[in-house]
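To start, the structure itself, in structure tokens.
So you know, we letter chains A, B, ... as the sequences are listed, proteins then strands, and number each from 1.
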There are 2 protein chains.
Amino acid sequence: MKLTLRQMEIFLNVVASGHLTNVAKEMKLSQSAISMSIKELETILGKPVFDRINKKLVLNEVGRAFYKEIDPIYKKLSDIEYEFKNSENKGIIRVGASTTIVDYLMPTIICSYMSSYPDVKITLKEGNTKEITQMIQEGAIDVGFVEGLVFEPDVIKEKIGVDELWVVSASPKFNKGCYIDELAKEKWILREEGSGTREVFLNYIKDKVDKLNIFLELGHTESIKSILVNRECLTCISKISVENEIKEGKFYHVDVKNFDCKRDFLMIYHKDKYHSTLFDKFVYFSKKLMLQMLDTEQYNRSKYIK
Amino acid sequence: MKLTLRQMEIFLNVVASGHLTNVAKEMKLSQSAISMSIKELETILGKPVFDRINKKLVLNEVGRAFYKEIDPIYKKLSDIEYEFKNSENKGIIRVGASTTIVDYLMPTIICSYMSSYPDVKITLKEGNTKEITQMIQEGAIDVGFVEGLVFEPDVIKEKIGVDELWVVSASPKFNKGCYIDELAKEKWILREEGSGTREVFLNYIKDKVDKLNIFLELGHTESIKSILVNRECLTCISKISVENEIKEGKFYHVDVKNFDCKRDFLMIYHKDKYHSTLFDKFVYFSKKLMLQMLDTEQYNRSKYIK
DNA sequence: ATTATTATCAATAATATTGAAGGATTTTCA
DNA sequence: TGAAAATCCTTCAATATTATTGATAATAAT
């Protein structure tokens with residue numbers, strides 16, 4: 001036999017009022033229902049919690065300790081139930097994103113979102129497009145942000161922006177118009193094999209460039225940026241990862257003619273995903289912010305308007 | 001509609017195992033019972049807590065937060081229930097005692113008891129015999145210790161020892177055999193009017209002494225003792241309140257011939273009191289300890305035996 | 001005596017659970 | 001590969017269990 005919440009509720013009310021009859025009225029139940037519920041509770045515990053002194057039920061030493069334990073817990077449970085029934089903004093959203101997005105977009109989104117919805121917690125996982133997609137399929141994350149293409153049928157994808165790859169350098173030497181094939185024999189630093197950024201770039205130039213002089217391959221964008229500083233090298237990376245440095249004059253966006261290398265940023269989620277208000281709000285919020293951040297021009301303009 | 005513990009139990013099991021079928025087996029229920037229970041929980045909360053991804057039920061962002069809140073509380077409730085079902089020694093005993101007992105006997109009893117039963121809490125209330133008896137009648141305390149007489153029919157009384165009143169002084173001047181009437185004109189300090197100790201003493205000597213020279217009345221035994229020190233005064237108080245000081249030689253027990261002033265110490269409780277194991281243990285324990293403390297001779301002997 | 005209160009019991013209402021049927025998806029194996 | 005089997009959840013009506021009622025008795029207070 002196990003205690004029920006109902007029994008606890010009735011018990012607490014009886015403690016509060018001291019009379020079964022009052023409680024019965026308050027709870028719109030018959031007096032015998034209350035009496036039997038209390039008796040059942042005592043049977044389950046194996047001992048009385050009330051002394052029947054005169055017509056009153058007075059907590060005894062056991063009941064008193066029981067009350068002290070149960071009362072705060074019952075209240076807390078009620079609060080939780082109320083919160084979840086009434087609050088739209090309570091939950092834990094698990095987000096997954098691929099490398100570039102994790103590093104350069106997610107921090108802004110998460111900080112901004114959490115300040116608007118303090119009751120929502122977010123956990124962030126990193127992975128490449130394939131891994132993130134699989135997490136969606138397995139239900140390991142609620143929503144994913146990836147660069148690259150997704151074809152799985154049970155995964156819904158929404159284009160949330162365009163990722164632009166820029167040729168970047170720290171040296172002013174390249175800071176004049178030119179064509180991509182003229183740069184082929186310069187020293188290039190690229191991401192490692194398997195990286196989406198690398199693949200897209202190489203695929204894009206394969207018709208125009210015979211052989212690219214790749215002199216260094218690194219696993220992280222930040223590593224590339226560190227090496228790039230003060231050296232006469234070139235790289236091709238996502239514009240969002242170097243925007244700040246270019247603004248500061250640390251790097252140059254090399255003006256390569258006829259170079260327009262783009263790919264989509266996607267938001268993905270499972271087709272069977274239940275769209276809670278919470279989920280929808282997060283999706284709406286992050287899509288909006290993504291678009292702002294990815295369209296720099298529009299983003300800067302909106303700053304002035306504000 | 002309200003959530004039930006059962007629904008939470010099933011919910012937690014489903015979260016743990018991920019499959020309704022497993023949970024149904026574990027809980028020895030049909031699988032449809034589990035399904036409907038979860039559905040009911042979701043209806044009550046107003047939103048799903050699981051995403052039905054493939055055949056699995058995967059917690060969604062709402063369910064995850066709900067789980068995080070409910071899980072520890074459910075465990076705690078289970079622990080409490082178990083504790084109260086199985087532990088004999090869990091409770092809060094409310095004890096009332098009259099002045100002398102509160103000051104000189106209860107501290108020892110409570111400390112000693114609590115070291116034997118760490119899960120039991122004790123609250124102590126002070127009052128005169130009449131007040132303590134009334135508290136018993138109203139169920140405001142579980143057990144009382146009083147000096148004096150109790151006649152109420154719904155209060156059970158057990159004699160637990162004899163209170164002896166001693167004539168005490170700090171001056172060696174009185175440290176020789178004498179009769180009470182010879183001391184009547186000395187300076188007496190007594191407790192205030194209404195005090196049991198005072199009434200018993202005055203009633204006891206009323207036939208032997210014409211007029212007692214009461215030069216000071218004080219509300220507390222400890223105040224009397226403070227005044228007594230280094231002064232040529234007398235008082236008549238409970239032996240247990242001055243035993244230590246007499247042992248230390250600070251006060252003398254004046255050897256008054258034919259002076260044998262006693263009254264009973266009583267333990268009282270309500271006739272309808274449910275005797276939980278806890279209650280019985282406390283009663284047994286404190287009776288034993290009281291007897292030891294009140295029979296000084298036996299008490300000291302027992303010290304040596306140990 | 002009358003009122004107020006709790007306890008108890010059988011009857012009944014409400015709720016939880018079952019068992020069978022169905023749908024959707026994955027696994028098995030020819 | 002593709003059809004059959006297995007797995008797993010959902011739904012629904014039937015049933016078992018549990019909670020609640022209404023009437024009645026018992027007890028103490030006014």
Candidate nucleotides D:dC9, D:dA19, C:dA7, ranked by approach to the side chain of A:T4 - the nearest: D:dA19
Sugar-phosphate, base or nothing in reach of B:T21, heavy atoms under 4.0 Å: sugar-phosphate
Which atom pairs, one a donor and one an acceptor, fall under 3.5 Å between side chains of residues 116-125 of chain B and the rest of the protein, sequence neighbours left out?
from	atom 1	to	atom 2	distance (Å)
B:S116	OG	B:S112	O	3.4

Distance below 4.0 Å between A:S35 side-chain N/O and C:dA7 OP1 or OP2: yes
Distance test, side-chain N/O of A:H19 to OP1/OP2 of C:dA4, below 4.0 Å: no
Non-neighbouring partners of A:T100 that pass side chain to side chain donor-acceptor pair (under 3.5 Å), sequence neighbours left out: A:E147
Set of residues satisfying side-chain contact (heavy atoms from CB on, under 4.5 Å) with respect to B:T4, sequence neighbours excluded: B:R6, B:Q7
Electrostatic pair A:D154-A:K271, nearest N-O below 4.0 angstrom: no
Nucleotide-resolved protein contact map, nucleotides 21-30 of chain D, B/S/- at heavy-atom distance under 4.0 Å: BB------S-
For A:S78, all residues meeting side-chain contact (heavy atoms from CB on, under 4.5 Å), sequence neighbours excluded: A:Y74
Residue-phosphate contact under 4.0 Å: B:R6 side-chain N/O, C:dT17 OP1/OP2: yes
Touch class at under 4.0 angstrom, heavy-atom based, for A:K56 against every strand present: nothing
Set of residues satisfying side chain to side chain donor-acceptor pair (under 3.5 Å) with respect to A:Q134, sequence neighbours excluded: A:E138
Residues which pass side chain to side chain donor-acceptor pair (under 3.5 Å) with B:S35, listed by chain and number, not counting sequence neighbours: none
B:G18 or A:Q7, whichever maps to the more 5' nucleotide of DNA chain D: B:G18
Axis bend over the full length of the helix from C:dA1-D:dT30 to C:dA30-D:dT1, computed from five pairs that close each end, to 10 degrees: 20°
With A:K68 via side chain to side chain donor-acceptor pair (under 3.5 Å) - residues at least two apart: none
